[in-house]
Amino acid sequence: MSEFRLHCFAMSGNSYKVALFLALAGQDWEPVLVDYFGGQTHQEQWRQEVNELGEVPVLEHKGAKLSQSALILDYLAETTGKFGPANASEKHAIWRWMLFDNHKFTSYFATLRYLYGIKQTGETELTQFLRERATAAYRIVDDHLRQTPFLVSERPTIADLSLAGYVYMPEETGMPESEFPNIAKWKDRIRNLAGWRHPYDLMPGPTSLSIL
Ligand SMILES: N[C@@H](CCC(=O)N[C@@H](CS)C(=O)NCC(=O)O)C(=O)O
């Protein structure tokens, strides 16, 4: 059995944050496919055995099961010595960006992508609201990345991997991509790191609802 087991599915950007860490850090890991679209995360047994919060990613390591991507990334940085902070001030900066990511950058965008890009609800009041909120978060990140190649340092850290969760997803979301030139360059920098792979190559499972 591999050292790390990641409960995940291809279309889960939150899982990709962790899968990308494991790939870039050259770790011995294997994905465990979760049938999210078949309702597995809602099953009582899955919740009891894997994650009572009903979410992926879940990382299994040395008999423990960890959930919440930011916490898993922090754990992996500490355990492997890779992509972590060099000092206390970097640690605080990393957590600041990971919390911003969980509350705003990932969450509004991921919900917009799910409705507009995957379920294809068409434009609604809700998708408009989500796009406005996601765009505001993207603007903040784009402004920040004008001054620095990666979010908290000259080198990539787990903060970058957290915010990178959904940025390579291919579905149409109607986001004003051309307004974010610094995010585009940052995405290229991450894509050029040794070991980078697209989420749909790194994790198993469907990559479109139409093939379910
Ligand atoms: N804050 C969590 C979010 C995890 C999350 O929302 N995962 C989605 C898949 S990408 C999920 O499992 N959702 C289940 C549900 O909402 O029912 C993290 O960063 O791990």
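Position 1 is the first residue of the sequence, and the numbers go up from there. Just so you know, ligand 1 is whichever comes first in the structure, and atom 1 is the first atom listed for that ligand.
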Open item on the list: Rounded to the nearest 0.5 Å, what separates atom CD in Glu44 from atom CD in Glu49?
Closed with: 10.5 Å
Task: Gap separating the CD atom of Gln68 from the CG atom of Leu73, nearest 0.5 angstrom - done: 11.0 Å
Task: Thr127 side chain to Glu123 backbone, donor-acceptor under 3.5 Å - done: no
Pair up each side-chain donor or acceptor in residues 17-30 with any protein partner under 3.5 Å, not counting sequence neighbours, and list the distances.
{"residue": "Lys17", "atom": "NZ", "partner": "Asn14", "partner atom": "OD1", "Å": "3.1"}
{"residue": "Lys17", "atom": "NZ", "partner": "Asp101", "partner atom": "OD2", "Å": "2.9"}
{"residue": "Lys17", "atom": "NZ", "partner": "Thr106", "partner atom": "OG1", "Å": "3.3"}
{"residue": "Gln27", "atom": "NE2", "partner": "Ala25", "partner atom": "O", "Å": "3.0"}
{"residue": "Asp28", "atom": "OD2", "partner": "Glu3", "partner atom": "N", "Å": "3.0"}
{"residue": "Glu30", "atom": "OE2", "partner": "Ser2", "partner atom": "N", "Å": "3.1"}
{"residue": "Glu30", "atom": "OE2", "partner": "Ser2", "partner atom": "OG", "Å": "3.2"}

TODO: Could you pull out every protein residue that has a heavy atom closer than 4.0 Å to ligand 1, ordered by chain and then number?
DONE: Ser12, Asn14, Tyr36, His42, Gly54, Glu55, Val56, Pro57, Gln68, Ser69, Asn102, Tyr166
TODO: Just grab all the ring pair (Phe, Tyr, Trp, His ring centres under 6.0 Å) pairs involving residues 53-80, residues at least two apart or on different chains.
DONE: Phe4-His61, His61-Tyr75
Using distance only, find each side-chain donor-acceptor pair of residues 93-100 under 3.5 Å and give its atom names and separation, not counting sequence neighbours.
none

